[in-house]
Amino acid sequence: LVQAQSQADQDVAAQANLVTTARVYGVEVSPTNASAIGLPGSVVTYNFQVTNTGDQSDSFDLALGAYTWPTQLEKAVIGPLAAGASANFWVRVSIPAGAVDYDLDATTVALASQKDARFGAVASMTTTARTYGVSLSPASQNGKGLTDTVERYWLQIANTGGYPDTYDLSAASALGWVVTPSVNTVGPLAVGGTTGLWVDVQIPSGIPGGTIDTARVQARSQADQNVAAQASLITLANVYGLELDPPVASAVGLPGTMVTYTFHVTNTSNLSDAFDLTVGEHEWFTLPEMVLIGPIEPGVSIDFTVRVDIPASAADYDFDSTVITLTSHTDANRQAITTLTTTARTYGVDVAPVSQSKAGTAGTVVRYWLQVINTGGYPDTFSVSALSAQGWDVTPGAIAIGPLAAGETAQVWIDAEIPGDVPGGTEDAARVDIVSEGDGAKSTAALLYTTANVYGLNVTTSMPAQSAFPGLVITYT
């Protein structure tokens, strides 16, 4: 209210009413964050809703942010919209045909009030290229069986693409064997979904032993025929069979001794068979128990031994390896091998530290700690003794250590007693000997140096005796 009043006549006045209305501008967009996937070469459409949150009619300018993939905005202006009214618009993103799985592009669309550009809203879009995908695992398997039998393999199929999919299965043998999957179609599988299946390979009768066939199992996407995965099933046909156990053998022994290996051979075929035994290249004397094994009936096993003599001159860790081969009398291509390695190991011992020095007061005991290591190839016990050069008492905490396994360590303490009457500065060297009980020629020693310290002092004065009255101080130097 505005009023004007006459100063000359207070009864004379005039007034006017001024009405001011506050205007509110505003806009909202939904969704504010949008994402989508699509195949390479496809178009993804985002739909947005714009709402005028102001109190009067308004129009809004639309603008795209930076982008890499071709992106189209439906309109540059939306409105006019009455207060509280809404309208829709879309943004289309073209995914390049050359995009690979998981490539992506992000952009934004901004809205601004035409009546007051300070009021606006922003929505973001993230577009990801996803393809169809499939995997079969394991990618390769090996199996074996007798002729006229079935070898079964298990596979897992997984949807590795970005969309639910169904897959057609096919299988083919390189040699024309019958290959049968448990199912012809798998799916639909959700994204990341997996399931199992089996495939049977029929090994024909009448084929040579040792024949190898490779069957290819393929899973192909129904949605995209260019997407497929395959697995290889490699099958060995055995007419006759044998197993030799263990396939690898090793042993240790002292130089000048003999090591004996025992092997177990089984005829795994359906017919009786015999096997020739041959020894591969070797340096040490090697003698098999027999060179002809069998005949052995189907499913029957027998044992045989192989002897290896370790030379007396062999050093610790010297070794010799050879291969034992068994060859079928029925089929020379059917063999089994085992590798044996013989290592010369001796007894051994080490001590740490090999030298220590300490000092102590005369009439006290100094303690040392030693670590004893079994460096030999066998469990062993070690005797411990100590001798002082000065005739001092030197006492080990144990006179025997062990048994220690090969490579095992143990600690022992040694007490050196310093006599009470030795001059200060006297040094003693004690030798600690550690000897293998397995081989008395194997020993080691540690030296312990102990110094005797004597401490003392004398107080003297050259001043004569003095006297004084009570309460006074007498000072002597």
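Index from 1, following the sequence. What's counted below: heavy atoms across the whole structure, side chains too, no hydrogens, waters or symmetry copies. As the structure is a computational prediction, the values presented were derived from the model and not from experiment.
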Walk me through it: do I234 and S140 pass the test side-chain contact (heavy atoms from CB on, under 4.5 Å)? CA-CA 7 Å; I234 303 169; S140 179; 3.9 Å; yes
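- Atom CD of E427 sits about 4.5 Å away from atom OG1 of T451, to the nearest 0.5 Å.
- R216 is linked by a salt bridge (charged side-chain N to carboxylate O under 4.0 Å, His left out) to nothing, counting only residues two or more places apart in sequence or in another chain.
- Heavy-atom minimum distance, G133 versus V227: CA-CG1, 3.7 Å.
- Not a single side-chain hydrogen bond (donor to acceptor under 3.5 Å, both in side chains) links D439 to another residue, sequence neighbours left out.
- Side-chain atoms of L277 and T325, non-hydrogen and from C-beta on, never get closer than 4.5 Å to each other.
- A donor-acceptor pair is defined here as one N or O able to donate and one able to accept, closer than 3.5 Å; no such pair exists between the side chain of T235 and the backbone of G143.
- In this structure, the side chain of Q356 engages the main chain of W369 through a donor-acceptor pair within 3.5 Å.
- In this structure, R345 satisfies the cation-pi test against Y317, with its NZ or CZ atom closer than 6.0 Å to the six-membered ring centre and inside 45 degrees of the ring normal.
- Within the structure, the side-chain hydrogen bond (donor to acceptor under 3.5 Å, both in side chains) test picks out the following pairs touching residues 383-403 (sequence neighbours left out): S388-D428.
- Here the closest non-hydrogen pair linking V435 and G440 is CG1-O, 3.5 Å.
- The backbone N or O of A441 sits nowhere less than 3.5 Å from a side-chain atom of Y347 that would complete a donor-acceptor pair.
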Apply side-chain contact (heavy atoms from CB on, under 4.5 Å) to the pair V306 and T260, showing each step before the final yes or no. CA-CA 6 Å; V306 177; T260 300; over 6 Å; no
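- Between the side chain of D224 and the backbone N or O of Y132 there is no donor-acceptor pair closer than 3.5 Å.
- In this structure, CG on L326 lies 11.5 Å from CG on N267, to the nearest 0.5 angstrom.
- In this structure, D350 CG and T444 OG1 are separated by 5.0 Å, a value rounded to the nearest 0.5 Å.
- Cation-pi contact between R307 and Y261: absent, since separation from the ring centre below 6.0 Å together with deviation from the ring axis within 45° is not met.
- A side-chain donor-acceptor contact under 3.5 Å links N159 and Y167.
- Interatomic distance, N453 CG to T450 OG1, rounded to the nearest 0.5 Å: 11.0 Å.
- Without hydrogens or angle criteria, T266 side chain to T268 main chain gives no donor-acceptor distance under 3.5 Å.
- Every residue was checked against the side-chain hydrogen bond (donor to acceptor under 3.5 Å, both in side chains) condition with Q141, not counting sequence neighbours, and none meets it.
- In this structure, OG1 in T322 is found 10.5 Å from CD in E283, a value given to the nearest 0.5 Å.
- The structure places OG1 of T149 at 7.0 Å from CD of E151, a figure rounded to the nearest 0.5 Å.
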Contacts under 3.5 angstrom, residues 171-200 side chains, donor-acceptor by atom type, not counting sequence neighbours:
{"unit_1": "S173", "atom_1": "OG", "unit_2": "L175", "atom_2": "N", "d": "3.1"}
{"unit_1": "S173", "atom_1": "OG", "unit_2": "G176", "atom_2": "N", "d": "3.0"}
{"unit_1": "S173", "atom_1": "OG", "unit_2": "W177", "atom_2": "N", "d": "2.8"}
{"unit_1": "S173", "atom_1": "OG", "unit_2": "D213", "atom_2": "OD1", "d": "2.8"}
{"unit_1": "S173", "atom_1": "OG", "unit_2": "D213", "atom_2": "OD2", "d": "3.1"}
{"unit_1": "S182", "atom_1": "OG", "unit_2": "W198", "atom_2": "N", "d": "3.2"}
{"unit_1": "S182", "atom_1": "OG", "unit_2": "W198", "atom_2": "O", "d": "3.3"}
{"unit_1": "D200", "atom_1": "OD1", "unit_2": "R152", "atom_2": "NE", "d": "2.7"}
{"unit_1": "D200", "atom_1": "OD2", "unit_2": "R152", "atom_2": "NH2", "d": "2.9"}

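- Within a 6.0 Å sphere centred on CD of Q225, other residues, nucleotides and ligands contribute more than 12 heavy atoms.
- Side-chain contact annotation: D168 with Q222, donor-acceptor N/O pair under 3.5 Å present.
- D318 contributes no side-chain N or O that, together with a main-chain N or O of A344, makes up a donor-acceptor pair within less than 3.5 Å.
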Test side-chain contact (heavy atoms from CB on, under 4.5 Å) applied to L340 and F263, step by step: CA-CA 11 Å; L340 53 92; F263 296 97; 3.8 Å; yes
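- Heavy-atom contacts from other residues, nucleotides or ligands closer than 6.0 Å to CZ of F319 number 12 or fewer.
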Show, in sequence, the C-alpha distance, side-chain angles and deciding distance for D303 and T262, and conclude whether the side-chain hydrogen bond (donor to acceptor under 3.5 Å, both in side chains) test is met. CA-CA 7 Å; D303 293 339; T262 299; over 6 Å; no
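- At distances below 3.5 Å, at least one donor-acceptor pair connects side-chain atoms of Y378 with backbone N or O atoms of L254.
- The local environment of CD in Q156 is crowded, with over 12 non-hydrogen atoms from other residues, nucleotides or ligands closer than 6.0 Å.
- Put simply, the side chain of Q202 reaches to within 4.5 Å of the side chain of D148, judged on heavy atoms.
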Taking only distance into account, with no hydrogens and no angle test, what donor-acceptor pairs under 3.5 Å do side-chain atoms of residues 32-40 form with protein atoms, sequence neighbours excluded?
{"unit_1": "N33", "atom_1": "OD1", "unit_2": "S124", "atom_2": "OG", "d": "2.7"}

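- The heavy-atom pair separating A229 from V134 by the smallest distance is CB-O, 3.5 Å.
- Residues passing the side-chain contact (heavy atoms from CB on, under 4.5 Å) test with L447 are R431, Y449, sequence neighbours excluded.
- Nearest approach of V248 to T338, heavy atoms of both residues: N-OG1, 3.7 Å.
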What pairs of donor and acceptor atoms, side-chain ones from residues 405-421 against any protein atom, are under 3.5 angstrom apart with sequence neighbours left out?
{"unit_1": "E408", "atom_1": "OE1", "unit_2": "A405", "atom_2": "N", "d": "2.7"}
{"unit_1": "D415", "atom_1": "OD1", "unit_2": "R367", "atom_2": "NE", "d": "2.8"}
{"unit_1": "D415", "atom_1": "OD2", "unit_2": "R367", "atom_2": "NH2", "d": "3.0"}

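- Minimum interatomic distance between A231 and L155 (heavy atoms only, all atoms of both residues): CB-CD2, 4.0 Å.
- Remark: T346 engages P255, D316, K442 in a side-chain contact (heavy atoms from CB on, under 4.5 Å) (not counting sequence neighbours).
- Not counting sequence neighbours, the partners of A446 by the side-chain contact (heavy atoms from CB on, under 4.5 Å) test are V351, L370.
- Between G294 and I302, the shortest heavy-atom distance links the atoms N-CD1, 4.3 Å.
- Scanning for side-chain contact (heavy atoms from CB on, under 4.5 Å) contacts around L64 gives Y67, T71, L73, V91, V109, M125, with sequence neighbours left out.
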Going through the checks in order, is the side-chain contact (heavy atoms from CB on, under 4.5 Å) test met by F304 and L244? CA-CA 11 Å; F304 66 93; L244 183 56; 3.9 Å; yes
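- Residue pairs meeting the ring-ring contact (aromatic ring centres under 6.0 Å, His included) criterion with at least one member in residues 276-295: none, sequence neighbours excluded.
- The side-chain heavy atoms of T343 and S250, taken from C-beta on, include no pair separated by under 4.5 Å.
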